[in-house]
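Scope of the values below: all heavy atoms of this structure, side chains included, with no hydrogens, waters or symmetry mates. These numbers were taken from a predicted model, which means no experiment stands behind them.
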Amino acid sequence: MPELPEVEIITRGLRKRIIGRKIESVDIRLKKIFHGLPKIIEGTTIKSVERRAKMIVISFDNNHSLLVHLKMTGQLVFDESKGDKTHRTAGGHPSDDWVADLPNKFTHVIFHFSDGAVLYFNDQRQFGYIKLLPSDDVEKVKSILELGPEPFSDELTPEYLMSIFAKRPRIKIKQMLLDQRIMSGVGNIYADESLFCAEISPLRLAKDVQRTEIMKLIGCVKVSLEKGLKYGGSSENTFVNAEGKKGQMQNHFSVYRRTGEPCQKCKGRIVRVVVGGRGTHYCPACQL
DNA sequence: TGCCCCCTGCAG
DNA sequence: CTGCAGGGGGCA
């Protein structure tokens, strides 16, 4: 799935397009994806679209909300011009920059708006979900309740991280970045990119990372995430924004999926190892 | 804390 | 064919 930058890009795109629109009906094609009774939001109007960690919260004017998690391959694509599909196939290059003609075999939920516009939830691997809840209950969902601070919040301080590390003497620094209960929003791509920026090996035990390095790492996390936002997210795999368009961040990785390629700093080679079960890319010469 | 699992598709 | 993929929940 999309990580913080990708989810934020989708959230911004949706916010511009679906706020104020009224839901006419919800077409659920794969039942396990949608939790709750879709009837509850039929006829209601969208009030807000917010991101929390890697999740999206869409709220309606009847005090209900959708909690959407895209996991690895989920997409939320808005189409205003339903019924006029010509723009998707014009020129005979439908999937070069756009997702393939929608709905497709991975479209599991379709929201129909009263003005004819449509919002598609697509997910190749079917790991994602949509939960319909009373708005007051969103903050009580376990996966939200337990989230650590957002990377751009003031709560993310070296003191905070060092207090966590002291309690978890065996956790590696990369696993710390990926653990949503410690800090929320960073995933595998931006964890690797942030550690390269900070010149810290992903294999280091978190408790052994010095305070000055942790400060540098916090700065690098922010820089890496901002870079992802600047390039509109990374579409190494299936990511597209709310318009169905790809991002460009995949063309600007320093280490992620660059195994065997030269390091930007030292001309050494990028190496791939496994940390916490996740593919991990780093420069052994620069990152100590 | 570390594995397995949920799925499908793609590169090697 | 095998291994791998942007996530994370559940289990021992």
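If you measure from atom CD1 of A:Ile130 to atom C1' of C:dG7, you get 16 Å, rounded to the nearest angstrom. Regarding A:Arg52, its CZ atom lies at a distance of 13 Å from the P atom of C:dG8, rounded to whole Å. The CG atom of A:Leu70 sits 16 Å away from the C1' atom of C:dA5 (whole-angstrom rounding).
Between A:His252 and A:Tyr231, the ring planes lie parallel to each other; the angle is under 30°, not in the 30° to 60° tilted range. Ring geometry for A:His108 versus A:Phe121: interplanar angle of 30 to 60°, hence tilted.
No side-chain N or O of A:Ser135 forms a donor-acceptor pair with one of A:Asn63 less than 3.5 Å apart. A side-chain donor-acceptor contact under 3.5 Å links A:Gln264 and A:Ser254.
C:dC4 sits 14 Å from B:dC3 when the P atoms are compared, rounded to a whole Å. One P atom belongs to B:dG9, the other to C:dG8, and the distance between them is 23 Å to the nearest Å. Look at the P atom in both C:dG3 and B:dC4: the space between them is 13 Å, to the nearest Å.
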**Q.** Evaluation steps, side chain to side chain contact (heavy atoms under 4.5 Å, CB included), between A:Leu133 and A:Ser65
**A.** CA-CA 5 Å; A:Leu133 305 160; A:Ser65 299; 5.7 Å; no
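A salt bridge is absent between A:Arg258 and A:Glu193; no separation between the charged side-chain nitrogens and carboxylate oxygens falls under 4.0 Å. Taking the charged nitrogens against the carboxylate oxygens, A:Lys216 and A:Glu213 have no contact shorter than 4.0 Å, which rules out a salt bridge. With respect to the salt-bridge test (charged N to carboxylate O, under 4.0 angstrom), the residues A:Lys16 and A:Glu243 do not qualify.
Heavy-atom distances under 4.0 Å link DNA chain C to A:Gln180, A:Gly187, A:Asn188, A:Ile189 of residues 170-193 of chain A, given in residue order. For the contact set between residues 273-283 of chain A and DNA chain C, defined by any heavy atom under 4.0 Å, the members are A:Arg278, A:Gly279. Against DNA chain C, the stretch residues 220-227 of chain A makes no heavy-atom approach under 4.0 Å.
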Is there any protein nitrogen or oxygen under 3.5 Å from a nitrogen or oxygen in nucleotides 9-12 of chain C, and what are the pairs?
none

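By the side chain to side chain contact (heavy atoms under 4.5 Å, CB included) test, A:Ile40 pairs with A:Leu37, A:Asn62, A:His64, A:Leu132, sequence neighbours left out. For the side chain to side chain contact (heavy atoms under 4.5 Å, CB included) test, residues two or more places apart in sequence or in another chain that qualify with A:Ser234 are A:Glu6, A:Ile189, A:Tyr190, A:Met249, A:Gln250, A:Phe253. For the side chain to side chain contact (heavy atoms under 4.5 Å, CB included) test, residues two or more places apart in sequence or in another chain that qualify with A:Lys22 are A:Thr45, A:Ser114. A:Phe127 meets the side chain to side chain contact (heavy atoms under 4.5 Å, CB included) test with A:Lys71, A:Met72, A:Arg125; sequence neighbours excluded. With sequence neighbours left out, A:Cys220 forms a disulfide (SG to SG under 2.5 Å) with A:Cys197.
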Just list the side-chain donor-acceptor pairs under 3.5 Å for residues 164-175 of chain A, sequence neighbours left out, or say none.
residue	atom	partner	partner atom	Å
A:Arg168	NH1	A:Asp179	OD2	3.1
A:Lys174	NZ	A:Asn188	OD1	2.5
A:Lys174	NZ	A:Asp192	OD1	2.7
A:Lys174	NZ	A:Gly279	O	3.3
A:Lys174	NZ	A:Thr280	OG1	3.0
A:Gln175	OE1	A:Lys172	N	3.1

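Residues A:Ile130 and A:Leu67 form no side-chain contact, since every pair of their non-hydrogen atoms from C-beta on lies 4.5 Å or further apart.
Annotation for A:Lys230: atom NZ does not count as buried by contact number, only 12 or fewer foreign heavy atoms lying within 6.0 Å.
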Q) Just by protein heavy atoms under 4.0 Å, how would nucleotides 7-12 of chain B read 5' to 3' in B, S and -? A) BBS---
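Annotation for A:Leu217 and A:Met176: closest pair CD2-CE, 4.1 Å, computed over non-hydrogen atoms. Closest heavy-atom contact between A:Phe239 and A:Gly233: CE2-CA, 4.0 Å.
Annotated stems with DNA chain B as a participant read B:1-6 with C:7-12, B:8-12 with C:1-5, given as range with range, by first number; only runs of 3 or more Watson-Crick or G-U pairs under 3.5 Å qualify.
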